Amino acid sequence: NARHRSLTDTLIQLLDEQCGPLGLTVASPRSHAQRGGHVALQFDGAAPLSQAMVARGVVVSSRKPDALRFGVHPLTTTHAYLWRAVQILRDLLATGDWRDPRFNGPVI
């Protein structure tokens, strides 16, 4: 689907530009055909980072040991939402606010 491709390609580009210099790596394949319905990132501390993002209204999940995942659905996800989500992620990485002890709880 062209919309899904546009959304995931945009997300990867934003992540590379905005968060790559802050230690986050896109782990998903760059090819849309191989990527599937989500974009996975590699980051030590993915679990508390995902909890901090959820606390700020961004829907993500984490997988052990170091994966943060964005589920991108073409019917419910917008380009504006992705832009906002990446800005929140960048802010959390830049400030280190994701290290707050309240984000070290169990992940469900």
Side-chain angles (χ1 to χ4, degrees):
N1 163 319
R3 178 167 165 76
H4 190 259
R5 182 177 304 114
S6 175
L7 288 164
T8 55
D9 287 349
T10 297
L11 176 59
I12 288 171
Q13 180 180 353
L14 289 170
L15 291 166
D16 283 343
E17 292 171 358
Q18 302 293 318
C19 301
L22 298 171
L24 188 139
T25 304
V26 175
S28 290
R30 299 295 171 141
S31 166
H32 181 75
Q34 297 174 334
R35 187 164 50 236
H38 67 274
V39 173
L41 314 170
Q42 188 174 14
F43 182 77
D44 288 335
L49 180 57
S50 71
Q51 290 183 37
M53 292 188 68
V54 169
R56 291 197 181 183
V58 180
V59 179
V60 294
S61 63
S62 65
R63 299 291 187 269
K64 292 181 180 182
D66 61 359
L68 180 73
R69 296 176 6 137
F70 280 86
V72 180
H73 193 283
L75 294 178
T76 57
T77 306
T78 65
H79 288 85
Y81 174 83
L82 294 176
W83 175 258
R84 191 180 108 253
V86 171
Q87 296 309 303
I88 289 169
L89 177 56
R90 184 184 68 182
D91 180 63
L92 287 167
L93 292 170
T95 63
D97 288 349
W98 64 274
R99 292 184 174 100
D100 188 297
R102 71 177 182 230
F103 302 127
N104 286 324
V107 178
I108 51 174

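The shown structure was predicted, so the numbers you read here are calculated from the model rather than taken from an experiment. No hydrogens, no waters, no symmetry mates; every other heavy atom, side chains included, goes into these values.
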Q: Decide yes or no for Arg56 and Trp98: does some side-chain heavy atom of the first lie under 4.5 Å from some side-chain heavy atom of the second?
A: no
Q: Measure the shortest side-chain to side-chain distance between Leu24 and Gln42 over non-hydrogen atoms and say whether it is less than 4.5 angstrom.
A: no
Q.
Going by side chain to side chain contact (heavy atoms under 4.5 Å, CB included), Asp91 matches just one of Ile88, Thr95, Leu89, Leu93. Which one?
A. Thr95
Q) Tell me, do Leu41 and Leu15 make a side-chain contact under 4.5 Å, heavy atoms counted? A) yes
Q) Any donor-acceptor pair under 3.5 Å linking the side chain of Arg3 with the backbone of Pro74? A) yes
Q: Considering only NZ, NE, NH1 and NH2 on the basic side and carboxylate oxygens on the acidic side, decide whether Arg102 and Asp97 come within less than 4.0 Å.
A: no
Q: Kindly give the heavy-atom pair with the smallest separation between Ser62 and Ala47, and that separation in Å.
A: OG-CA, 3.6 Å
Q: Would you please indicate if the ring centroids of His73 and His4 are separated by under 6.0 Å?
A: no
(Q) According to a hydrophobic-cluster definition based on side-chain heavy atoms being under 4.5 Å apart (Ile, Leu, Val, Met, Phe, Trp, Tyr only), do Val60 and Phe103 belong together? (A) no
Q) With the 4.5 Å side-chain cut-off for hydrophobic clustering, are Leu92 and Trp83 part of the same group? A) yes
**Q.** Thr77 side chain to Val72 backbone, donor-acceptor under 3.5 Å
**A.** no
Q. Is the closest side-chain heavy-atom distance between Gln34 and Ser28 below 4.5 Å?
A. no
Q) Does a side-chain N-to-carboxylate-O contact under 4.0 Å join Asp9 and Arg30? A) no
Q | Arg69: salt bridge (charged side-chain N to carboxylate O under 4.0 Å, His left out) partners, not counting sequence neighbours | A | none
(Q) Do Phe43 and Leu49 have side chains that approach each other closer than 4.5 Å (heavy atoms only, starting at C-beta)? (A) yes
Q | Atom CG of Asp44 with >12 non-hydrogen neighbours under 6.0 angstrom | A | no
Q: Heavy atoms only: give me the nearest Leu68-Ser50 pair and the separation to one decimal.
A: CD1-CB, 3.3 Å
Q.
Is any side-chain heavy atom of Phe70 closer than 4.5 Å to one of Val59?
A. no
Q. His32 versus Arg35: any side-chain heavy-atom pair under 4.5 Å?
A. yes
Q. Hey, does His38 have a side-chain heavy atom less than 4.5 Å from the side chain of Thr8?
A. no
Q | Nearest-0.5 Å distance that lies between atom CG in Leu82 and atom NE2 in His79 | A | 7.0 Å
Q | Polar contact flag, side-chain donor to acceptor under 3.5 angstrom, Gln87-Arg90 | A | yes
Q) How many angstroms lie between atom OG of Ser61 and atom CE of Met53, to the nearest 0.5 angstrom? A) 10.5 Å
